[in-house]
Amino acid sequence: MSPVLKTVQTTLSLNKLSSRNYPRKEKKLLQHGSCSFPINNVQLSFRGGLEVISNVNSSHKEKTCLYDEGELEALPHVQTLREFLREELVAKVVMVRFDSTILLGEKLDLSSQSASKALHTIKYLHECRAKVILVSEWSRKINPKLLDAQAVADILSSVLQLKVIALRCISCKSPLRREDLQKADIFLLENLSEYKEEVANCSKFAELLSSEVDILVNDSFCQSHKVLASTVGVARFCYASMAGFSFEENLHQIKKIVITKKKPYLAVIGGGNLKSKAAAIQFLASRCDALVFVGQMSFQIMRALGHSIPINLVERDAHKAALDIVQFAHDKNVLMSYPKDFWCTNQHLPTELEVFPAHGISASWLPVDLGPRSLEEIYSLVTNSKAYPFEIDWSVAYHDASQPLVVDIGSGNGLFIMGMAQNRKDLNFLGLEINGKLVRRCLDSVHQSGLRNVYFIGSNATTTFRSIVSSYPGELVLVSVQCPNPDFNKPENRWSMLQRSLIEAVADLLASKGKVFLQSDVEAVAMRMKEQFLQYGKGKLHLSHDQYNIRINGNAWLEENPFGIRSDWEQHVIDRGAPMYRLMLSKSTGS
């Protein structure tokens, strides 16, 4: 499921998180099912007998307009671990439903907010002297070291710097006993993905999981749209249920998304099971300017729009829901985008790949990824949206934000524009780099150098160049793209750096007589960049032929770097005696 859809669906279908505390023996077990509120004939369900403050007449202040005539709270109030009294945790048995994709991944980044919040939940409970039982599902797909519960317990022990003991009670169908909890403070139950009772929300299975458990802390936000025994089911047997610190942070982010007033507002929606997500999609349609469907769900939308799709891609009972979504989006004047082509694999020859139009996938072929035409359209839509999520205070970034701007796309370790910034104090320099670690290193170098005319931003320039550069108060006079990875610039590669939307943005924002400098040590890449800028530059860009003074394989190139400052890779190529393929384009006067 795409993050956007998961985000909004979670606001509509939060798992059972209690906002009240009951003595364990006195609490009445809630029945399975859902409590829902019909709003303008669209029913938004809160699954699993929620005990959150969620009625529409609540005094909760944060409300958002759902449809023209109706209102629904942006988020029901959910009790969090932060709000729960610390002294109430002492000597309690607390089950933490954690997110394995965060804590058990092969490359865990302990500096990331998601990891630090997830770890904080467990450590906080331990510091409060609670007995902690960890439970989750995991797969060797996310980490080949996840062989069994003991291996996972060892990994968690290392990450937490606290001893985690693996327990076997699910497979034995043996309820946990208080004396078992005297062996340590933190325990791990077996892999939930091995038990079908988990996804079935089996009451007996939930009761087994929750044996001796007093409090449930749900910290697995990515599973919050599902009705599981380890979340909804277990909560029925605990006297208090609440969100952990990681879950709480995601709720905070949802709130900002749901109540945003920024336009245009675009949602990219993937995954399957359209029927069960129809209400969430209609909610998105009521808020967004465009819906971009990808994945399995896109075929149901295409079918509703009258296109033929392979029978094996049709979701049972989803057609009416898809028709309703299409009609609703049409009535709201919401743009609907769906893939125009797919990369497909042959069922009989799995290594064979071919691009098919979305409405013409041949028998025995299965779609596995978006095709180049589809990606180009999505990039174009995203680029025209508010793609970069932060407002940049250029007066903080630069000493004089009115100076002309030079942008290096894919700035790497920043040697090129750092050198340029030292030589040309009359210009400001901006490096756009997708690698966050390189950006942090470059910003440290800027700070140490004392330069006030150079800055770096961690971003995917393909989708954010327009929104970032258009906010700069001065003129854009030069854009450089140097030595992009050849593998990332093949036409069939979905992460190709030079997408049409980026080139169009450069052509639009570049000042009259502004320059575009392109170079690569791979001639095919340099030729492709040249062809793309001339093809997608809207007729605004042209080559300055008088500057080309060498010919290689019949093609004219610049012999020297016109700026006298080399990137680290360019210097490496020159040192080994290999050629560089350089060219400069100019923007026509009056364009």
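This is a predicted model, so every value here is computed, not measured.
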> Given the rule in the side chain to side chain donor-acceptor pair (under 3.5 Å) test, do R168 and S174 qualify, once you have shown the distances and angles that lead to the verdict?
Replying inline: CA-CA 8 Å; R168 291 183 70 245; S174 173; over 6 Å; no

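- Interatomic distance, CG of L370 versus OG of S298, reported as 7.5 Å (0.5 Å rounding).
- Ionic pairing of E137 and R97 is present here: one or more N-O contacts between side-chain nitrogen and carboxylate oxygen are shorter than 4.0 angstrom.
- Taken to the nearest 0.5 Å, the CG atom of L366 stands 7.0 Å off from the CG atom of L313.
- Residues Y195 and S171 form a side-chain contact, since some pair of their non-hydrogen atoms from C-beta on lies under 4.5 Å apart.
- Taking the side chain as every heavy atom from C-beta outward, V213 and L176 never approach each other to under 4.5 Å.
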>> Between N218 and T231, does the side chain to side chain donor-acceptor pair (under 3.5 Å) criterion hold? Intermediate values first, please.
In response: CA-CA 7 Å; N218 188 349; T231 52; 5.0 Å; no

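- The pair E248-R82 meets the salt-bridge criterion, with a side-chain N (NZ, NE, NH1 or NH2) lying under 4.0 Å from an Asp/Glu carboxylate O.
- The two residues S230 and V234 have their closest heavy-atom pair at CA-CG2, 3.8 Å.
- A salt bridge between R441 and D444 is absent, with no side-chain N of the basic residue lying under 4.0 Å from a carboxylate O of the acidic one.
- To the nearest 0.5 Å, the span separating CG on L167 from CD on E190 amounts to 8.5 Å.
- Between T80 and M242 the shortest heavy-atom distance is C-CB, 4.0 Å.
- For the pair L189 and L134, the minimum side-chain heavy-atom distance is 4.5 Å or more.
- A salt bridge is absent between D185 and K123: the closest approach of a Lys/Arg side-chain nitrogen to an acidic carboxylate oxygen does not fall below 4.0 angstrom.
- Aromatic ring centroids of F342 and F299 lie under 6.0 Å apart.
- Nearest heavy-atom pair across V334 and C288 is CG2-O, 3.5 Å.
- Checked against the 6.0 Å centroid criterion, the rings of Y338 and F293 do not qualify as a close aromatic pair.
- Using a 4.5 Å heavy-atom threshold, the side chains of L291 and I269 count as touching.
- In this structure, L274 and A321 approach most closely via the heavy-atom pair CD2-CB, 3.7 Å.
- Using a 3.5 Å distance cut-off with no hydrogens or angles, the side chains of E198 and S193 do not pair a donor with an acceptor.
- Listed by chain and residue number, H120, F245 satisfy the ring-ring contact (aromatic ring centres under 6.0 Å, His included) test with Y124 (two or more places apart in sequence, or in another chain).
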